[in-house]
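In the text below, chain A, chain B and the rest are named by the order of the sequence lines, each starting its count at 1.
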Number of protein chains: 2
Amino acid sequence: MQHTELKVGELARRTGLSIRALHHYDEIGLLKPSAHTASGHRLYTAADIARLSHILSLKQLGFSLEEIAETLGRADFSALRVVELRLQRAREQLAEQRQLCDRLDSLARQLRAAEHVSADDFLQTIEAMTMFEKYYTPEQLKELEARRQAMGDDALRQVEAEWPRLIASMREQMEQGADPASEPVRALATRWRELIRAFTGGNPGIEKSLQTMHQQEPRMAERQGRDPQLMEYVGRAMACLDAPK
Amino acid sequence: MQHTELKVGELARRTGLSIRALHHYDEIGLLKPSAHTASGHRLYTAADIARLSHILSLKQLGFSLEEIAETLGRADFSALRVVELRLQRAREQLAEQRQLCDRLDSLARQLRAAEHVSADDFLQTIEAMTMFEKYYTPEQLKELEARRQAMGDDALRQVEAEWPRLIASMREQMEQGADPASEPVRALATRWRELIRAFTGGNPGIEKSLQTMHQQEPRMAERQGRDPQLMEYVGRAMACLDAPK
DNA sequence: GGTACAACCTCACGTCGCGTGAGGTTCAAG
DNA sequence: CTTGAACCTCACGCGACGTGAGGTTGTACC
């Protein structure tokens, strides 16, 4: 009989696991050392170590300790099926992670493009993103993202800054009772349309989604100062643009 | 006073959260309803609901409840920095997920290519993969994977089946004391070299990594019947191939 | 007024893979 | 015989709830 049996500390050092983890495996019956000293110290035999290496292999593939125990328990399991099931789970999680990264990345870019970001702006931006994900298809979102990226942060910043000014100007005209067909309103309406077209890129699907979102979520528009009354005024101004003078 | 306040059940139904979750948020102080009925039923006001929508937004970005409470607590936080930190975490997790998927995918393909997979084969394959990841660079692994994929499952299966036969034949020659320069051994050695070249694709980096692995992990080779003695015999046979008759 | 039944309430334990002590025993060396 | 390292066994803690148990309240119908 050689000195091949290892004590927990040694085994932990060699495997990189913690002593506590090995104790845990013992507790749950996943890896019980085959021997003990008279005083109760754990002694891991070569067979135990082999089992542990199998455990670590399966752990690396993302199996839970319970699944590992089950897998090692029976010799008849279908390896391919087990792996494929696990792969499916992993793929789903990967897709989620990817989506999360996209969201965060997009949000980070929006924040970089903004000038001053209050806590309120921040939360509003997130909510706007959520809305977008609700009303646009993934492909449309991709297209929008691509267009934003093509514009660059500076241009984006400018547009974001222009909107409030444009809305304020339009509101002023409305409150002064200006004719939607008058020259100053035509100019504002033209710019309004340009900005929207810069956003939609002329894509009819995106235009439609945008409309749907505005109809379904009027509160979102209101927060930006675009209440239904103003929108109706803008609508009339647009109609005047299309109609000949 | 209108009927704007919601009870837990209603709020749960509208948000898709569980009642227990809302109770939990109350417990940890993340979202305490501003009002209660005389009998203690929770009443969520419009402000509470607004706060909850912020909570859900941040939750969607993968923040922990503690982080959300902290973020909503202070108005002065740097939104960009918070998001960028979270993004970094998400990217790391994404990379891990991707690696896991790759591993599982590769393993699944290996298993599909194999004919009969015993539990032992299965575990051995995983361990081999781990070894590979230890000795080959990520680029090399990619190249190997690409070559495997190009070969197709059937060809791979054939090669996998040929190795044990080739090893057995070679061992037979060795045990019979055949001259490494003899014709039958030359034939076997030639085939041996061909199979290895099919694996390495002639890439010197991969050849080197393969050698290193064989030196460092002799036990792996032994499991496949290639003990040091046999390997030395093969080495001599190879040398005879290179040297003129 | 009584009687269902749904919706609400408050404990309080379980999950998963250990980390992190607390408090005590054993081992190997000097 | 002492010292310090290595070992032992509890046992609580995490994070975000799920899942009962056991009791009260609200509402509708007879």
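- Applying the salt bridge (Lys or Arg N to Asp or Glu O under 4.0 Å) test to pairs two or more places apart or on separate chains, those with a residue in residues 8-19 of chain B are B/Glu10-B/Arg13, B/Glu10-B/Arg14.
- By the side chain to side chain donor-acceptor pair (under 3.5 Å) test, A/Lys142 is found to be paired with no residue, residues two or more places apart in sequence or in another chain being considered.
- Taking a 4.0 Å limit (strictly below) on heavy-atom distances, residues 48-71 of chain A reaches DNA chain C at A/Lys59, A/Ser64, A/Leu65.
- Taking CE of A/Met151 as the reference point, atom CZ of A/Phe199 lies at 11.0 Å (rounded to 0.5 Å).
- Side-chain atoms of B/Arg148 never come within 3.5 Å of backbone atoms of B/Leu156 as a donor-acceptor pair (strictly under, hydrogens ignored).
- Not counting sequence neighbours, the partners of B/Phe122 by the ring pair (Phe, Tyr, Trp, His ring centres under 6.0 Å) test are A/Phe77.
- Here CG of A/Leu22 is found 5.5 Å from OG1 of A/Thr15. Values are rounded to the nearest 0.5 Å.
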Donor-acceptor list for residues 98-105 of chain A side chains, cut-off 3.5 Å, not counting sequence neighbours:
{"unit_1": "A/Arg103", "atom_1": "NH1", "unit_2": "A/Glu133", "atom_2": "OE1", "d": "3.1"}
{"unit_1": "A/Arg103", "atom_1": "NH2", "unit_2": "B/Gln60", "atom_2": "O", "d": "3.4"}
{"unit_1": "A/Asp105", "atom_1": "OD1", "unit_2": "B/Arg91", "atom_2": "NH2", "d": "3.2"}

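- Every residue meeting the side chain to side chain donor-acceptor pair (under 3.5 Å) condition with A/Arg20, not counting sequence neighbours, appears here in chain and number order: A/Glu27.
- On the nucleic acid side, DNA chain C contacts chain B at distances under 4.0 Å to non-hydrogen atoms, with the end points of that region at C/dC8 to C/dA12.
- The residue among A/Ile28 and A/Lys7 whose nearest nucleotide of DNA chain C lies closer to the 5′ end is A/Ile28.
- Against DNA chain D, the stretch residues 82-104 of chain B makes no heavy-atom approach under 4.0 Å.
- Comment: A/Asp48 does not engage A/Arg51 in a salt bridge, judged by the lack of any side-chain N to carboxylate O separation of less than 4.0 angstrom.
- For B/Gln211, there are no side chain to side chain donor-acceptor pair (under 3.5 Å) partners at least two apart in sequence or on another chain.
- A residue-by-residue look at A/Ala38 and A/His24 shows that A/His24 has its nearest nucleotide of DNA chain C further toward the 5' end.
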inquiry  = Test salt bridge (Lys or Arg N to Asp or Glu O under 4.0 Å) on A/Glu217 and A/Lys134; report intermediate values, then the result.
reply    = CA-CA 11 Å; A/Glu217 312 282 347; A/Lys134 197 163 141 194; 3.4 Å; yes
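- Within the structure, every pair that satisfies the salt bridge (Lys or Arg N to Asp or Glu O under 4.0 Å) test and touches residues 30-45 of chain B, not counting sequence neighbours, is listed here: B/Asp26-B/Lys32, B/Asp26-B/Arg42.
- Between A/Tyr44 atom OH and D/dC7 atom P the separation is 10 Å, expressed in whole Å.
- Taking a 4.0 Å limit (strictly below) on heavy-atom distances, residues 9-23 of chain B reaches DNA chain D at B/Ser18, B/Arg20, B/Ala21.
- When rounded to the nearest whole Å, the span between NE2 of B/His41 and P of D/dG23 equals 16 Å.
- Taking A/Tyr136 as the reference, nothing meets the side chain to side chain donor-acceptor pair (under 3.5 Å) condition, with sequence neighbours excluded.
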